[in-house]
Novice: 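Quick one: the structure is below, and I'll ask about it shortly.
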Amino acid sequence: MNRKLPAVLLSAAMAFVLAACGSGSGGSGGSGGDDGKITLGFSQVGSESGWREANTKSIKESAQTAGIDLKFSDAQQKQENQIATIRSYIQQKVDVIAFSPVVVTGWDAVLKEAQAAKIPVVLTDRAVDSDPSLYVSFLGSDFVKEGEAIGDWTLNEYKDATAPVNIVQLEGTVGSAPAIDRKKGFESKIASNPNLKVIASQSGDFTRADGKEVMTAILKANPKIDLLFAHNDDMGIGAIQAIEEAGKKPGVDIKIVTIDAVHDGMQALADGKINFIAECSPLLGDQLMDIVKKIKAGQPVEKRIITEETTFTQQQASEALPNRKY
Amino acid sequence: MKAVIGHRLFWPAAVLVVMLLANVVVTPGFFSIQVRNGHLYGSLIDILLLGSPLMLVALGMTVVIATGGIDLSVGAVVAISGALACYLISGQEDQGAVSGVLVAVALALVLSAVLGFWNGLFVARVGIQPIIATLILMVAGRGVAQLITSGKNINVNSPPYKLIGGGYWLTLPFAVIVVAVVVALTGLAVRRTALGMLLEAIGGNAEASRLVGIRSRRLIVLAYTFCGLCAGIAGLMISSNIATADGNNAGLWMELDAILAVVIGGTALTGGRFTLAGTVLGALVIQTLSTTIYTTGIPPQVTLVFKAVVVAIVCLIQSPAFRAKVFRRRARPAAPPPASPAAADVEVNA
């Protein structure tokens, strides 16, 4: 009796999940184009962060405004879920498939299936390593450009510096595209000023806890730090705590620059604890709907479309904060 | 001298000392401890403070492993406990109220113990293999934590809560004091009563211990409950330290670090004999390794390889069979190898 119970519970749970997946597609399978409305099948990575949540919200709202019938599915960080979802979109004959790939590799088969079914695919936010002919367009941030924006600010901030400027870099997850590209963009810019020296560069895994732990150790080993560049806001916020606990003033004793512009980061920027943030915007819904409409109208779209992004100073952050969506 | 080298804690302790000394060579100020802002400040203090959650989780893991089990769900419990406490505190009007924080902490700890109890029931009553039984909660638990936090970071601004994992008491980190108390109480419970012997008996031979009249099921459930509770306290510390509950990343892969700490400490995964002091040393070795990497500036791409090499060396040194092989060539006649921690024998430590 008892031995069977978990199995029964598990199968019940699975049935529930499957049912939930099914209902997500709205029960109007194959209706694409019947009522003249464009149908877009979107497979989201998951809801792992505030950034992702804003991304989802943006896509849902934009679809409604643009009058596009959106079929939305959350892959809960699993590639197999995403592939299953994309296959179901192919079967339902949606007009366009868009997805934010969980990982870079392993998409060839399902992308070829979509191509065989003549359904155009748009990638959002993250890239894949498949042949570019398998998708129509890739809409997302240019991480190198974000790193360069930080580099430009640094060059300008220390243009009159005569003594060496000691820079600490908190990198993102080792091997992830944002970490590699942001580092590349930043370091290529600051190379033009020999006074700007990266004295320590460690991975904080994009998390607050690791950002704090790494910064705590780096502070002990390096008595003089002028600037901290964190690859995302969360690591920067962790580092701020470490700097405060070391008895220094973040934003003043050690200047801090980050990337993302999520709410907590913007708050710290407005509070003067961060000096400059380059935005990595999740609000790509409107751009995505434009692309979908263009594809449907048979107009050409560019292979690589960069999300509209900006940068924030402390002053701009205080002004922008009340209207931020995330 | 032979007695010192033969002691089961000699090798983990030696490894820790060597790593600390290596740090002093690279970073001369590594051992310096100052008083800053009214509390102790220095790399050694960091290792103790940041290693506290791992020491606790590994402590609970040791007791479970002693019974011949394993608990993969501790990382998820860490996330759930921190998420629940921060969720409750963030919903209060006055986040700084001590009573409110105490209620949140108590509820989080009760939930953690219940989750451990749940694991224990699966293992002892339902008879599922420990690795499978706890895998369920490992996978599902993180989802529960994300459900509590709605997938977002929950920030709290509560000085009493901050004390648990980031505060100081009598110039010492409060978390370190908590760990010391928990380790001492656990040590008393398992070594001054028959509890430790009974646990080792179950791990050594569950069937035989049942036949001599040990209520193994009850003790196994107790061990998992204790493990859950330890993970819960660790979860409070981690979220308190950064004043944020991060349901996605808190305690991620921590179960593996905890198991590693137990093994480095000299407790065998086969169950039976266990050593709490060894586990504490093991956890400190792991934390020292991380701090060393950050302090000496080893490039992030090499970090994991560096860790792997160090851990491999530590495990080899720990292995009596390996030591016997290496040292026999030099000094004959060979001393009988020290009691193997891999042996599932039961030793009475009165």
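Keep in mind that what you see is a predicted model, and the values were worked out from it rather than measured. Values below: all heavy atoms of this structure, side chains included; hydrogens, waters and symmetry mates excluded. Chain letters run A, B, ... following the sequence lines, proteins first and then strands; every chain starts at 1.
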Novice: Which atoms of B/Thr292 are under 4.5 Å from chain A, going by heavy atoms: the side chain, the backbone, both sets, or neither?
Specialist: neither
Novice: Should the ring pair A/Phe72 and A/Phe42 be called parallel, tilted or perpendicular, given that the plane angle runs from 0 to 90° and is split at 30 and 60?
Specialist: parallel
Novice: Kindly determine whether B/Asn155 and A/Arg208 satisfy side chain to side chain donor-acceptor pair (under 3.5 Å), including the steps that lead there.
Specialist: CA-CA 11 Å; B/Asn155 296 333; A/Arg208 223 172 265 202; 2.8 Å; yes
Novice: Taking the six-membered ring of B/Tyr41, is NZ or CZ of A/Lys220 closer than 6.0 Å to its centre and within 45° of its axis?
Specialist: yes
Novice: Which residue out of B/Ile298, B/Ile238, B/Thr303 racks up the most heavy-atom pairs below 4.5 Å with chain A?
Specialist: B/Ile298
Novice: Return the option, out of B/Pro299, B/Gly42, B/Ala250, with the maximum number of heavy-atom pairs under 4.5 Å with chain A.
Specialist: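 Maximum pair count with chain A is reached by B/Gly42.
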Novice: Just by distance, with hydrogens left out, do B/Asn153 and B/Thr244 show a side-chain donor and acceptor under 3.5 Å apart?
Specialist: no
Novice: For A/Ala200, which atoms come within 4.5 Å of any heavy atom of chain B: side chain, backbone, both, or neither?
Specialist: neither
Novice: Quick check, are the ring centers of A/Phe186 and A/Phe229 under 6.0 angstrom apart?
Specialist: yes
Novice: With only heavy atoms counted, which part of A/Gln202 is less than 4.5 Å from chain B, the side chain, the backbone, both or neither?
Specialist: both
Novice: Is a donor from one side chain sitting under 3.5 angstrom from an acceptor on the other, for A/Thr258 and A/Asp233?
Specialist: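 A pair is found: one side chain offers a donor N or O, the other an acceptor, under 3.5 Å apart.
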Novice: Non-hydrogen atoms of chain B under 4.5 Å away: do they reach the side chain of A/Gln241, the backbone, both or neither?
Specialist: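 Side chain of A/Gln241 only, per the 4.5 Å heavy-atom cut-off to chain B.
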Novice: A/Asp210 versus chain B, heavy atoms under 4.5 Å apart: side chain, backbone, both or neither?
Specialist: neither
Novice: Under 4.0 Å between a Lys/Arg side-chain N and an Asp/Glu carboxylate O for A/Lys273 and A/Glu244?
Specialist: yes
Novice: So for A/Gln267, is it side chain, backbone, both, or neither that comes closer than 4.5 Å to the heavy atoms of chain B?
Specialist: neither
Novice: Is it the side chain or the backbone of A/Ala179 that comes within 4.5 Å of chain B heavy atoms, both, or neither?
Specialist: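 Contact with chain B: none, neither part.
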Novice: Using non-hydrogen atoms only, which part of A/Asn222 is less than 4.5 Å away from chain B: side chain, backbone, both, or neither?
Specialist: neither
Novice: Does any backbone or side-chain atom of A/Thr216 lie under 4.5 Å from a heavy atom of chain B? Answer side chain, backbone, both or neither.
Specialist: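 Looking at A/Thr216, backbone and side chain both touch chain B.
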Novice: Would A/Asn166 and A/Lys197 count as having a side-chain donor-acceptor pair, cut-off 3.5 Å?
Specialist: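 Checked: A/Asn166/A/Lys197 side chains show no N/O donor-acceptor pair below 3.5 Å.
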Novice: Which atoms of B/Leu304 come close to chain A, meaning under 4.5 Å heavy atom to heavy atom: side chain ones, backbone ones, both, or neither?
Specialist: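 When you check distances to chain A, no heavy atom of B/Leu304 falls under 4.5 Å.
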Novice: Using a cut-off of under 4.5 Å for heavy-atom pairs, which of B/Ile47, B/Thr149, B/Asn249 has the most such pairs with chain A?
Specialist: B/Asn249
Novice: Taking side chain as everything from C-beta outward and backbone as N, CA, C, O, which of these in A/Val214 sits under 4.5 Å from a heavy atom of chain B? Side chain, backbone, both or neither.
Specialist: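 For A/Val214, heavy atoms of backbone and side chain both lie under 4.5 Å from chain B.
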Novice: Would you tell me whether A/Gln44 and A/Glu53 have side-chain atoms, one donor and one acceptor, within less than 3.5 Å of each other?
Specialist: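 Judged by distance alone, the side chains do not pair up.
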Novice: Which residues pass the side-chain contact (heavy atoms from CB on, under 4.5 Å) test with B/Ser90, not counting sequence neighbours?
Specialist: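 So B/Ser90 forms a side-chain contact (heavy atoms from CB on, under 4.5 Å) with B/Gln95, B/Ile154, B/Val156.
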Novice: Using a cut-off of under 4.5 Å on heavy-atom pairs, state which of B/Leu252, B/Asn241, B/Ile293, B/Thr291 scores highest against chain A.
Specialist: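 Of the candidates given, the most pairs with chain A belong to B/Asn241.
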Novice: Report which part of B/Gln287 has an atom under 4.5 Å of a heavy atom belonging to chain A: side chain, backbone, both, or neither.
Specialist: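 It is the side chain, since no backbone atom gets that close.
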Novice: Taking A/Pro223, A/Gly238, A/Ala221 one by one, which has the highest count of heavy-atom pairs under 4.5 Å against chain B?
Specialist: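 The residue among A/Pro223, A/Gly238, A/Ala221 with the greatest pair count is A/Ala221.
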Novice: Determine, for A/Lys212 against A/Glu245, whether the closest basic-nitrogen to carboxylate-oxygen distance falls under 4.0 angstrom.
Specialist: yes
